[in-house]
Structure formats: structure tokens, C-alpha cells
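In the text below, chain A, chain B and the rest are named by the order of the sequence lines, each starting its count at 1.
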Protein chains: 2
Amino acid sequence: MDSKGKQTKELVLQTALGMFRTKGFAKTTMRGIAAEAGVSLGSAYYYFASKDELVLELYRESVGEQRALASAAMAGVTGLADRLKAALHSGIDALTPYHHFGGAFVGSALPPQSAVNPFGEASTQVREDAIAIFAEVVEGAKVPTFLRAQLPELLWLGYMAVVLFWVYDRSEGQRRSRLLIDGSAPLLGKLVSLSRLPVVKPLVEEALALKARIQS
Amino acid sequence: MDSKGKQTKELVLQTALGMFRTKGFAKTTMRGIAAEAGVSLGSAYYYFASKDELVLELYRESVGEQRALASAAMAGVTGLADRLKAALHSGIDALTPYHHFGGAFVGSALPPQSAVNPFGEASTQVREDAIAIFAEVVEGAKVPTFLRAQLPELLWLGYMAVVLFWVYDRSEGQRRSRLLIDGSAPLLGKLVSLSRLPVVKPLVEEALALKARIQS
DNA sequence: TCGCATTCTTGAACATGTTCAAAAAGAGTG
DNA sequence: CACTCTTTTTGAACATGTTCAAGAATGCGA
């Protein structure tokens with residue numbers, strides 16, 4: 001059975017996520033979380049070193065859900081564009097309950113030193129899980145060999161951009177974000193097809209080389 | 001002459017920017033700024049509604065400097081790639097004194113409700129100034145007509161991405177960011193050239209149409 | 001069961017961003 | 001100058017994230 005500690009940790013986490021959903025990130029205070037969970041402030045901090053760390057858990061959970069949704073949605077789909085579309089929509093689906101505090105999310109997630117920073121040290125595990133989703137996208141589709149290895153990470157980067165757009169998206173139901181996905185996935189599909197053509201291929205290869213160069 | 005108010009405002013601002021540069025954003029407190037400027041805490045808040053608003057000023061100043069640097073660097077240069085390169089490097093040059101607190105910059109700049117959010121209401125003026133720099137980039141270069149109107153905004157978006165990369169860039173002197181600029185500017189130049197070809201043009205047009213669609 | 005080490009819990013204390021009502025200084029007018 | 005209205009200044013007060021030293025509970029070996 002779970003030790004007392006694990007139980008308390010889970011209690012605090014679920015209380016926090018619930019309050020994030022209903023009240024938003026800014027209006028949910030650490031004191032509020034502790035009170036609602038029936039523990040002391042210090043106890044909450046014993047399990048989560050910072051408010052941001054709670055967001056990291058949220059990120060983790062959302063990636064898990066995205067993966068599940070995406071796998072289901074991609075079953076039987078073979079076109080790169082359609083598989084990508086499924087993965088992107090799944091990501092937004094998983095994040096939707098938290099849209100109203102997306103701003104705060106981004107605010108605490110992007111600073112390089114933040115525990116939640118998706119490009120950083122602390123979130124390596126989650127990031128790899130997220131990239132794995134796009135690896136799954138690529139695996140099931142026809143993609144030129146010279147692109148296959150790099151594509152998942154690039155798609156994940158694109159997904160990050162979509163999420164950023166979504167965070168700013170004030171249209172009802174984030175309609176514009178859905179349009180963006182529906183429009184950009186086919187575009188990317190076509191670009192990948194064209195990437196075999198002699199006029200385009202050098203360009204893509206140059207881009208890949210650049211990517212390698214700036215990563216070292 | 002400046003009214004007393006203007007003077008105090010300027011004093012607070014310059015003190016703040018100075019402290020941002022020397023101590024970083026997080027370690028510079030509003031109380032610290034007020035003390036160093038020789039005014040009370042309340043006074044600082046009389047002129048700047050929030051710490052973020054001071055960052056907006058910084059953004060404003062950096063755009064001004066970028067514009068000056070870019071104009072000078074583009075003089076006599078006619079290739080799109082080279083003009084773009086000049087504009088991008090100028091932007092990073094203008095921001096360099098603040099690199100060590102770039103993280104905090106991004107953190108307060110990106111949340112949608114933030115006064116500093118580069119996509120938001122409050123920064124409309126600065127954003128237009130920034131886009132104007134890229135309009136200048138385009139004006140002096142050979143660009144297909146069907147692209148001319150949209151290109152400046154797209155380049156600005158790309159610049160935002162570069163800035164984001166730069167914020168995370170821990171290499172000495174932000175070497176990798178410079179590599180990114182030197183590599184991506186020619187790539188974009190070639191892409192724009194190719195955009196006239198019958199195989200590529202539909203793709204670019206579709207992208208432009210998508211851009212229009214999601215902006216409405 | 002006793003003693004000890006580890007794990008967990010607590011709330012006070014601190015620093016900081018922000019607000020606000022009140023006071024001071026300034027500017028204009030008769 | 002006297003009066004009034006506006007602009008500017010002040011510092012106390014507040015809420016919140018975070019730290020920490022002290023204490024309580026728990027587990028475990030002898």
C-alpha cells in the first residue's frame with residue numbers, strides 16, 4: 001500500500017490541479033491548496049518545492065493524456081498530415097481544461113531557470129515522452145529517410161508553437177487554434193513530400209544541417 | 001523644460017534599467033529601485049504600475065536601438081538574406097546587455113495578460129515599430145509581389161523565435177544564436193527565391209491563406 | 001518495550017510585488 | 001496672499017511564494 005507520504009502528496013497534487021481548473025492558476029494560492037487539502041502550508045512545500053513544480057505535474061499528466069488520445073486517434077491512419085493532425089488536436093484536447101490559465105502556465109513554464117521549462121533539465125523526462133508521441137506520428141507514415149530521424153523533434157517544436165498560439169487564442173473554443181492545426185498539418189505533409197524534389201531537397205538538408213550545428 | 005514628474009519618471013526608469021543590467025531582473029526589487037533613485041516606493045509605483053511596465057520600457061528602448069543599428073547595417077545591402085541577417089543581429093545586439101535576465105524577461109513578457117506581452121494590446125506601438133524594421137528589410141530587397149505585404153510580419157515572428165532561442169542560449173557570447181541567424185537568413189532568402197517556382201508557389205500561397213484565416 | 005533515526009507536519013517569519021488613503025508640493029486664479 | 005484644484009510623494013498595510021527550525025509521528029532493530 002502507499003505510504004502515508006505518497007497519499008498526502010497525491011492529495012495535495014489533486015487538490016491543486018482541481019483548483020487550477022476551477023479558479024485558475026493565479027487565484028489558486030499555496031495556502032488555499034493546503035487549506036483545501038487539510039494540510040499545513042509547510043506540508044504542501046514538503047512535497048512540492050514550488051508552485052511551479054505543481055505545474056510540472058500538470059504538464060506530465062497532460063502529456064500522458066495526449067499520448068493516449070493521440071494513439072487512439074492515429075489508429076489506422078497512415079497519412080503523415082492526418083496523423084500529425086490527430087497528435088496536435090490531442091495535445092490541445094488534453095490542455096483545454098487549463099486554457100484559462102494558459103497565460104500563467106506559459107509564464108512559469110518558459111523562464112529558463114524554471115522547473116517547468118519544457119526545454120530544460122528538470123523536464124527531460126516529460127519532454128522525451130512528448131517527443132515520443134511525434135515519433136509515433138512519423139513511424140506510421142511515409143517519410144523520406146533523410147528526414148525520419150530529425151522529424152519528431154521538429155514536429156514537437158512545431159507543437160510547442162501551436163500551444164503558444166493556443167495560449168493566446170481568445171476565440172470561442174479556441175477555434176483559431178483548431179484552424180491552425182487543420183491548415184498547417186496538410187501543409188507540412190506537402191512540404192515533406194516536396195522535400196524529395198531536387199529543387200527543394202538541398203534546402204531541407206541545409207535546414208537539417210543548421211539544426212545540427214546549433215545544437216552542439 | 002521637463003516638468004518635475006517627467007524628470008522623476010525618467011530617473012526611476014534609468015535607475016531600474018541600470019539595475020536590471022547589473023543585478024538582473026529578479027534581484028532588482030522595486031524597493032531597491034526606489035531607494036537607489038532616492039524616491040519612495042509609492043512614487044515608483046506612481047509612474048510605473050508594475051515591475052513589468054519597466055520591462056516594456058526596456059523593450060521599447062531596445063527596439064529603438066535595433067532600428068538604428070539595423071538601418072546602419074543595411075545601408076547599401078540589397079540581398080534579402082543579408083538585410084535580414086543585419087536586422088536579426090542588430091536585435092540581438094540591442095538585447096545583449098540584458099541577456100542574463102532574459103529568462104525573467106520572457107517570463108513576464110509572454111503571459112497574455114501581461115503589459116509586456118509582445119503580441120498584446122499594450123505593446124501595439126512597440127510591436128509596430130519592430131515590424132517596421134522588417135518592412136525596411138523587405139523594401140530594400142527583391143521579393144515576389146504576392147509575398148511582399150505579408151513578409152514583414154512573418155519575419156518579425158521569426159525574429160521572436162530567434163529571441164526565444166537566444167534567451168535559452170547558454171553558449172559563450174550566445175554563439176549558437178549567431179549561428180542560427182547566419183544559417184537561417186540565407187535559408188529564408190533561398191526559400192523566397194524558390195517561392196516563384198510552380199511547385200513551391202502553391203504551398204507558399206496556402207500558407208499565406210492560412211495565416212489570413214487564423215487572424216480573423 | 002525502549003531508544004533512535006527517519007519521515008512528516010507545523011506555523012511563524014521573511015521578502016517582495018502591489019494597493020491605497022492621506023499628506024505635501026505645485027500651479028493657477030482672484 | 002488666500003484659496004482651490006491637480007500633481008506628486010509617502011509609507012504603512014496586505015497577500016502571497018518561500019524558508020526554516022522545531023516538534024510530532026512513524027518505523028525498526030535490539
Side-chain angles (χ1 to χ4, degrees), chain A residues 1-13 15-17 19-20 23-58 101 103-105 107-111 113-117 122, chain B residues 1-17 19-20 23-58 101 103-111 113-117 122:
Chain A
M1 67 192 158
D2 277 356
S3 70
K4 188 80 188 311
K6 283 273 160 62
Q7 271 179 276
T8 309
K9 181 170 184 177
E10 192 60 22
L11 174 64
V12 170
L13 175 59
T15 307
L17 296 191
M19 290 179 78
F20 285 163
K23 311 181 55 169
F25 181 75
K27 286 204 181 147
T28 301
T29 70
M30 290 299 282
R31 282 170 185 77
I33 296 170
E36 184 130 335
V39 302
S40 74
L41 180 59
S43 242
Y45 271 98
Y46 180 74
Y47 292 106
F48 300 96
S50 67
K51 205 180 169 187
D52 281 0
E53 215 156 272
L54 286 164
V55 176
L56 180 57
E57 292 302 318
L58 188 162
F101 85 89
F105 184 84
S108 40
L110 281 181
Q113 72 278 15
S114 156
V116 206
N117 163 9
Chain B
M1 66 188 156
D2 278 355
S3 71
K4 187 79 189 309
K6 282 272 160 64
Q7 270 179 276
T8 309
K9 182 169 184 177
E10 193 58 23
L11 173 64
V12 170
L13 175 59
Q14 293 309 326
T15 306
L17 295 192
M19 291 179 79
F20 285 164
K23 312 183 54 170
F25 181 74
K27 288 207 181 142
T28 301
T29 70
M30 290 300 283
R31 282 169 183 77
I33 296 170
E36 184 130 337
V39 303
S40 75
L41 179 59
S43 239
Y45 272 98
Y46 179 74
Y47 293 105
F48 300 96
S50 67
K51 206 180 167 186
D52 281 0
E53 216 157 270
L54 285 164
V55 176
L56 180 57
E57 292 302 318
L58 187 161
F101 86 90
F105 184 85
V106 164
S108 42
L110 280 179
Q113 72 278 14
S114 155
V116 205
N117 162 10

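In this structure, Lys9(A) atom NZ and dC8(C) atom C1' are separated by 14 Å, rounded to whole Å. Separating the CG atom of Leu41(B) from the C1' atom of dA13(D) is a distance of 12 Å, rounded to the nearest angstrom. Note: CE (Met30(A)) to P (dC14(C)) measures 20 Å, nearest angstrom. The separation between Leu11(A) atom CG and dT9(C) atom C1' is 14 Å, rounded to whole Å. Separating the CZ atom of Phe48(A) from the P atom of dC8(C) is a distance of 13 Å, rounded to the nearest angstrom. In this structure, the CE atom of Met19(A) is 11 Å from the P atom of dT16(D), given to the nearest Å. We find that NZ of Lys27(A) is positioned 18 Å from C1' of dG17(D), with the value rounded to whole Å. With rounding to whole Å, Tyr45(B) atom OH is found 13 Å from dC20(C) atom P.
Put simply, CG on Leu13(A) and OH on Tyr47(A) are 12.5 Å apart, with the number rounded to the nearest 0.5 Å. Here OH of Tyr46(B) is found 10.0 Å from NZ of Lys9(B). Values are rounded to the nearest 0.5 Å. Distance check: Lys51(A) NZ to Leu54(A) CG gives 9.0 Å after rounding to the nearest 0.5 Å. Atoms CG and CG, from Leu58(A) and Asp52(A) in turn, are 11.5 Å apart once rounded to the nearest 0.5 Å. Atom OG1 of Thr15(B) is separated from atom CD of Glu10(B) by 9.5 Å, given to the nearest 0.5 angstrom.
Of all nucleotides listed (dT18(C), dG17(D), dT10(D)), dT18(C) comes nearest to the side chain of Lys51(B). Of the candidate nucleotides dT18(D), dT9(C), dT8(D), dT9(C) has the atom nearest to the side chain of Thr8(A). For Ser50(A), taking side-chain heavy atoms from C-beta onward, the closest of the listed nucleotides dT18(D), dT9(C), dT18(C) is dT18(D). The Ser40(A) side chain lies nearest to dG11(C) when the options are dG11(C), dT18(C), dT10(D).
If you check every strand for non-hydrogen atoms under 4.0 Å, Thr29(A) touches sugar and phosphate atoms only.
When the nearest nucleotides of DNA chain D are assigned to Gly42(A) and Ala26(A) by heavy-atom distance, the more 5′-ward of the two goes with Ala26(A). Nearest-nucleotide positions on DNA chain C for Arg31(A) and Tyr46(A) put Tyr46(A) closer to the 5' end.
Residue Ser43(B) places at least one side-chain N or O closer than 4.0 Å to OP1 or OP2 of dT10(D).
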